[in-house]
Amino acid sequence: MPRFGLIPFAERFPRVTDRVSLRVEGEVAAPLDAGAALARLPRAEQVCDFHCVTTWSRRALHWSGVRFTDFYQQVVRPLAGAAEDARFVVLHGQDGARTSLPLEDLLAPDVLLADRLDGQPLPIAHGAPLRLVAPAHYGYKSIKHLHRIELRRSGVDYHPVGLRFMEHPRARVALEERGQWLPGWLLRHLYRPLIKPTARRFDVTLRRHLADPSTMESSP
Ligand SMILES: Nc1nc2c(c(=O)[nH]1)N[C@H]1C(S)=C(S)[C@@H](COP(=O)(O)O)O[C@H]1N2
Ligand SMILES: [Mo]
């Protein structure tokens, strides 16, 4: 599996990888640091495929973590007091990346907050210390280095990190929702040539970071 994303994030790395900290805020009665509560939830194992919007895929990845729906029902609703009309969720990574999904999509039983991949703790390349795994959606919804979850009533004021046409509100793989306005088949052809240079860039910057973490930019 390549380390992958939008080019600006190739140079950005999480500050904290040795423990999970997860802030829940937005449309809640009381903002919550949910790391400890997350650790007490039942664990789940899941084998699923991963599809990046640029057309590379990986089969049968073995993730382990906590189901998002358990986290929402057992932590976010009771402890943070999530607003009953919250419908939209913004997910923030420590590297400054973010994405969004309708709450309904996050509550699907195959959406995980994962801290292990293929039997090992998540490496920095793949989202340490915690990432979302939403296998029915293109890879850009599976935010790495997750540290903040923001509930909103709707997505009207949400600004994607990249260009707006590149982020579909749901990005379901089965419906080829690669982006907005442009059809999936066209984006498929536009994105495919980006795979090699992007993967190389992400690999080179990771090697540099691992060799000397102080030389690379941390989260903004
Ligand atoms: N925080 C963060 N999450 C991210 C990205 C990123 O650059 N930063 N890239 C996204 C994209 S486009 C893809 S395809 C997957 C890649 O996951 P991987 O690097 O573990 O292969 O992570 C997604 N989540
Ligand atoms: Mo991607």
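Atoms within a ligand are numbered from 1 in the order they appear, just like the ligands themselves. What you see is a predicted model, and the numbers here were worked out from it, not measured in a lab.
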> Do ligand 1 and Ser142 have nitrogen or oxygen atoms that lie under 3.5 Å from each other?
Replying inline: yes
> Relative to the heavy atoms of Cys52, which atoms of ligand 1 are at a distance of less than 4.0 Å?
Replying inline: 14 (S)
>> Using ring centroids (six-membered ring only for Trp), state whether Phe13 and His209 fall under 6.0 Å.
In response: yes
> Heavy-atom contacts under 4.0 Å between Tyr138 and ligand 1: side chain, backbone, both, or neither?
Replying inline: neither
> Applying a 4.0 Å heavy-atom criterion (strictly less than), which segment of Ile143 is in contact with ligand 1: side chain, backbone, both, or neither?
Replying inline: both
> Where the closest heavy atom to atom 9 (N) of ligand 1 is concerned, which of Phe9, Phe4, Tyr140 has it?
Replying inline: Phe4
> Parallel, tilted or perpendicular: which fits the ring planes of Phe71 and Phe68, with parallel below 30° and perpendicular above 60°?
Replying inline: perpendicular
>> Parallel, tilted or perpendicular: which one describes the rings of Trp185 and His189, with boundaries at 30° and 60°?
In response: perpendicular
> With atoms numbered from 1 as shown, which atoms in ligand 1 lie under 4.0 angstrom from a non-hydrogen atom of His126?
Replying inline: 18 (P), 19 (O), 20 (O), 21 (O)
> For atom 19 (O) of ligand 1, which candidate among His92, Met1, Lys144, Arg58 holds the nearest heavy atom?
Replying inline: Lys144
>> With a heavy-atom distance limit of 4.0 Å, tell me whether Trp56 approaches ligand 1 through its side chain, its backbone, both, or neither.
In response: side chain
> Looking only at non-hydrogen atoms, which of Ser57, Gly139, Ala199 approaches atom 23 (C) of ligand 1 most closely?
Replying inline: Gly139
> Are Glu177 and Arg172 ion-paired here, with the side-chain N under 4.0 Å from a carboxylate O?
Replying inline: yes
>> So, regarding Phe202 and ligand 1 (criterion: nitrogen or oxygen to nitrogen or oxygen, under 3.5 Å), is there a contact or not?
In response: no
> Does a side-chain N-to-carboxylate-O contact under 4.0 Å join Glu84 and Arg77?
Replying inline: yes
> Any side-chain heavy atom of Ser154 within less than 4.5 Å of one from Arg87?
Replying inline: no
>> Just to confirm my output: which protein heavy-atom neighbour is closest to atom 8 (N) of ligand 1, and how far is it?
In response: Asp95 OD2, 2.7 Å
>> Between Leu112 and Arg67, is there a side-chain heavy-atom distance shorter than 4.5 Å?
In response: yes
> Considering the options Ser57, Pro135, Ser142, which one meets the side chain to side chain contact (heavy atoms under 4.5 Å, CB included) requirement together with Phe50?
Replying inline: Ser142
> For ligand 1, which atoms sit closer than 4.0 Å to a heavy atom of Ala97?
Replying inline: 1 (N), 2 (C), 8 (N)
>> With no hydrogens and no angle check, just 3.5 Å: does a side-chain donor-acceptor pair link Thr55 and Arg192?
In response: yes
>> As an exercise, identify every atom of ligand 1 less than 4.0 angstrom from a heavy atom of Gly5.
In response: 7 (O), 9 (N), 12 (S)
>> With a 4.0 Å cut-off on N to O distance, would you call Glu167 and Lys141 a salt bridge?
In response: yes
> Hey, are Glu176 and Arg178 close enough for a salt bridge, meaning a charged N less than 4.0 Å from a carboxylate O?
Replying inline: yes
>> For ligand 1, which is the ligand I care about here, please tell me if Arg131 has any N or O atom under 3.5 Å from one of the ligand's N or O atoms.
In response: yes
> Of all the atoms in ligand 1, which lie at a distance below 4.0 Å from a heavy atom belonging to Ala125?
Replying inline: 19 (O), 20 (O)
>> Quick check on contacts: which atoms of ligand 1 are under 4.0 angstrom from a heavy atom of Arg3?
In response: 19 (O)
> In the protein, which heavy atom is nearest to atom 21 (O) of ligand 1, and how far is it?
Replying inline: Pro2 O, 2.6 Å
